[in-house]
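To start, the structure itself, in structure tokens.
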Amino acid sequence: MNNFYLEILHVDKHSKARYGYLHTPHGKVEFPMFMPVGTLATVKGLSPEELKEVGAGVILANTYHLSLRPGEDIVYKAGGLHKFMNYDGPILTDSGGFQVFSLAEKRKITEEGVTFKNHLNGAKRFFSPEIAIEIEEKLGADIIMSLDECVHYPADYEYMKNSVERTLRWAKRGKDAHKREDQALFGIVQGGEFADLRKYCAEELVKMDFPGYSIGGTSIGEPKDVMFQMIRNSTPYLPFDKPRYLMGVGSVDAILEGVQEGVDMFDCVLPTRIARHGALMTSTGRVNIRDKQYEEDFTPLDSNCDCYCCKNYTKAYLRHLYKCEEMFGKRLLSIHNIRFLIHLMEEIRKAIQEDRFLEFKEEFLKKFNNSKGF
RNA sequence: GGAAGAAUAGCGAAGUGGCCAAACGCAGCUGACUGUAAAUCAGUUCCCAACGGGUUCGGUGGUUCAAAUCCGCCUUCUUCCA
């Protein structure tokens, strides 16, 4: 496919951070990028117009969840995900590999695939690498993931080794099954905390020649330094000219760490989920808006933020909305958190182009870690 | 004027002789959340120099080894009858 490629415009002189455009069938987007998650074909609380306003490019949707509701055939009949959800930017679908982890007690893995007892009514649903691809083709995202096993942490070496071998076989099967020319299928690097397995998995995937590579099995409860090591054990084996996507990572320090190691794409439910729960990312650290200290605070959430929420509303008002469980509050806070991360990426991109990424990282973390981080 | 019933922690509400500093819900205060089973989950909320101690269940006086729980009186509220 020639309408999907990475256009690298600059590499930071003092790190592996890269800047450029990712070209997709639904337009080009700058990287490094943060991709908001819209599991059920909606980024919870935000309209497509609001997503544009906060600067979102790629957004995610989920194969497992959409295949259960409304069902991939409905989305297909609607004209695909873009039309169905009225989003004309690039969309990425996760394969269901994360649900192998998050719904661990409701599934069984075999060589053939994964059988889920779904979380809605317990009905069995079988996912093979081929079925995942078939569903993803019907959903019609620009970027799709092969079915993998997101392995729990910690896992012993033997388990991880077998799992990586199987994930590699699944990647191959998915690739063979994938027919749509207008979708980029990514392979996923697993291997947990084991350096040799990460390397092996990356190298084997590269042999299969995917248009992009994901790093999975991160941010599932492992310590930060372990996560950082997982990244460093993966990126060196991935081709320079293909996008690297660190899955499920959305904490500020981890994003900065990933960018430094040459990661181009990040996604995470963190900003939207914690926003709904009243926790906000600000340039000076974490804010729990429900806290009493904001009761009479008539200043913006983050004076350095240019989002609709920060430009128009005070902490006292946001606290009030939160405590009254008004949905507008959750929307405003979600808008802020997503804008915060996307704005962070904008600043990162600027810093990379000016070869001062490392200084930027240090300064940003210094301010951010003054209070509680994530 | 008479009759019946009720008063429990910020609110609602269990408990009706010892296992009660008192269930539970709400409100309050605080944490957590990372390819979304999440508008969720967890902790905490009488006072204190606190792995112990001190005061509580409308008020007051009793009964009892022991009372939120039983008895007398008082106060307030609700309903019904006049």
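So that the names make sense, note that chain A is the first sequence line, chain B the second, and so on, each numbered from 1.
- B/C65 sits 37 Å from B/C11 when the C1' atoms are compared, rounded to a whole Å.
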Check against side-chain hydrogen bond (donor to acceptor under 3.5 Å, both in side chains), A/His10 and A/Asp355 | CA-CA 9 Å; A/His10 191 82; A/Asp355 293 312; 2.8 Å; yes
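- Between the base of B/U34 and the side chain of A/Thr218 there is no donor-acceptor pair shorter than 3.5 Å.
- Salt bridge A/Lys179/A/Glu137: absent, no basic N to carboxylate O contact under 4.0 Å.
- At the heavy-atom level, A/Glu105 lies under 4.0 Å from base atoms of the strands shown.
- Distance noted for atom C1' between B/U55 and B/U40: 39 Å (whole Å).
- Annotation: B/G28 and B/C77 have their P atoms spaced 30 Å apart (nearest Å).
- Within the 4.0 angstrom heavy-atom criterion, base atoms lie near A/Gln190.
- B/C71 and B/U64: their P atoms are spaced 15 Å apart (whole Å).
- Nucleic acid contact class of A/Ser214 (heavy atoms, under 4.0 Å, all strands): none.
- When distances run from any side-chain atom of A/Asp291 to the nucleotides B/G35, B/U30, B/U36, the shortest one goes to B/U30.
- When heavy atoms are screened at a 4.0 angstrom cut-off, A/Asn118 is found touching no nucleic acid atom at all.
- Distances were taken from every side-chain heavy atom of A/Arg286 (C-beta onward) to each of B/C29, B/A37, B/C33; the shortest belongs to B/C33.
- The number of heavy-atom neighbours closer than 6.0 Å to CD of A/Glu362, taken from other residues, nucleotides and ligands shown, is 12 or below.
- Among the nucleotides B/C33, B/U34, B/G35, the one closest to the side chain of A/Ala279 is B/C33.
- Classification of the A/Phe340-A/Phe364 ring pair by plane angle, with boundaries at 30° and 60°, yields tilted.
- With respect to the salt-bridge test (charged N to carboxylate O, under 4.0 angstrom), the residues A/Arg198 and A/Glu193 do not qualify.
- Comparing B/C33, B/A39, B/G35 by their nearest atom to the side chain of A/Phe98 picks out B/G35.
- Taking the P atom of each, B/U56 and B/A9 are spaced 15 Å apart, rounded to whole Å.
- B/U75 and B/G43: their C1' atoms are spaced 40 Å apart (whole Å).
- Distances shorter than 4.0 Å separate some side-chain N or O of A/Asn288 from OP1 or OP2 on B/G31.
- Applying the 4.0 Å criterion to OP1 and OP2 of B/A37, one finds that A/Gln99 has a side-chain N or O inside that range.
- Residue A/Ser219 has no polar side-chain atom (N or O) positioned under 4.0 Å from OP1 or OP2 of B/U34.
- Within the 4.0 angstrom heavy-atom criterion, no nucleotide atom of any strand lies near A/Gly278.
- A/Ile188 comes within contact range of at least one nucleobase, with a heavy-atom separation under 4.0 Å.
- Of the candidates B/U30, B/U36, B/U34, the closest approach to any side-chain atom of A/Arg290 belongs to B/U30.
- Nucleotides B/A37 and B/A23, compared at atom C1', are 30 Å apart to the nearest Å.
- For A/Asp253 and A/Lys224, the salt-bridge test passes: some basic side-chain N is under 4.0 Å from an acidic carboxylate O.
- Checking B/G28, B/C33, B/G35 against every side-chain atom of A/Asp94, the shortest atom distance belongs to B/G35.
- For the pair A/His65 and B/U36, the ring geometry does not qualify as stacking, because the centroid separation below 5.5 Å and plane angle under 30° are not jointly satisfied.
- For A/Glu325, whose side chain is taken as the heavy atoms from C-beta onward, the closest listed nucleotide among B/A37, B/A39, B/U34 is B/A39.
- Dashed line: the shortest gap from a side-chain N or O of A/Arg273 to OP1 or OP2 of B/U34 is under 4.0 Å.
- In this model, the phosphate group of B/A37 is not approached by any side-chain N or O of A/Asn121 to a distance below 4.0 Å at OP1 or OP2.
- Using a 4.0 Å heavy-atom distance criterion, A/Lys224 is classed as a base contact.
- Distance from the side chain of A/Lys292 is smallest for B/U30 among the nucleotides B/G35, B/U30, B/A37.
- Side-chain proximity of A/Ser102 to B/U36, B/C29, B/A37: nearest is B/A37.
- Rounded to whole Å, the separation between the P atoms of B/G18 and B/A13 comes to 23 Å.
- Nucleic acid contact for A/Arg319: sugar-phosphate only, since backbone atoms but no base atoms lie under 4.0 Å from a heavy atom of the residue.
- Remark on RNA chain B: of its neighbouring residues A/Arg276 and A/Gly221, the 5'-side contact belongs to A/Gly221, judged by nearest-heavy-atom nucleotide.
- In this structure, the nucleotide among B/U40, B/G35, B/C33 sitting nearest to the side chain of A/Leu60 is B/G35.
- Classification of A/Asp306 and A/Arg339 as a salt-bridged pair holds, one side-chain N sitting under 4.0 Å from a carboxylate O.
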